[in-house]
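Okay, so here's the structure we're looking at.
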Amino acid sequence: GEKRHTELKLRVVEHNVRVCSQLVSRVPLRRLADLIGLPEGETEECICRMVTTKQVWAKMDRISGLVVFTKPGDKT
């Protein structure tokens, strides 16, 4: 019941992050949080987890609040 619902929500959020990473090269964390429907803190945790497990490549600049999905040297 509840565990499956939580797991499904996590998978949907991860899917949405992967889609966003393919569509944009840079996005403010606040905007990304709005797009995937999570608070900024949870969005940051989700991205960190996905980077650690190599589901996406991302770099976060906390000072400017930007998430960059483009690897250095990649052409956009």
Distance, nearest 0.5 Å, that separates [atom1] of [X] from [atom2] of [Y]:
X	Y	atom1	atom2	result
Arg49	Glu42	CZ	CD	9.5 Å
Arg30	Leu32	CZ	CG	12.5 Å
Cys48	Met60	SG	CE	3.5 Å
His5	Glu2	NE2	CD	7.0 Å
Ile36	Thr43	CD1	OG1	4.0 Å

| field | side-chain contact (heavy atoms from CB on, under 4.5 Å) involving Ser64 - partner list, sequence neighbours excluded | value | Asp61, Leu66
Please tell me whether [X] and [Y] are part of a single hydrophobic cluster in this structure, the criterion being side-chain heavy atoms less than 4.5 Å apart.
X	Y	result
Val67	Val51	yes
Val17	Leu38	yes
Met50	Val68	no

| message | Going by the rule side-chain hydrogen bond (donor to acceptor under 3.5 Å, both in side chains), which residues pair with Thr53 if we only count those two or more places apart in sequence or in a different chain? | response | Gln55
| message | With heavy-atom distances below 4.5 Å as the criterion, would you say the side chains of Leu35 and Cys20 are in contact? | response | yes
| field | For the student: nearest non-hydrogen atoms of Phe69 and Val27, plus distance | value | CE1-CG1, 3.9 Å
| request: Could you check Arg26 against Thr70 for side-chain contact (heavy atoms from CB on, under 4.5 Å), going step by step and ending with a plain yes or no? | output: CA-CA 7 Å; Arg26 300 164 42 124; Thr70 307; 5.7 Å; no
| task | Report the C-alpha distance between Arg4 and Glu7 in whole Å, list the side-chain angles of each, state the deciding distance to 0.1 Å, and finish with yes or no for salt bridge (Lys or Arg N to Asp or Glu O under 4.0 Å). | result | CA-CA 5 Å; Arg4 288 183 183 164; Glu7 188 70 22; over 6 Å; no
| message | Can you confirm whether more than 12 heavy atoms, excluding those of Arg18, are under 6.0 Å from its CZ atom? | response | yes
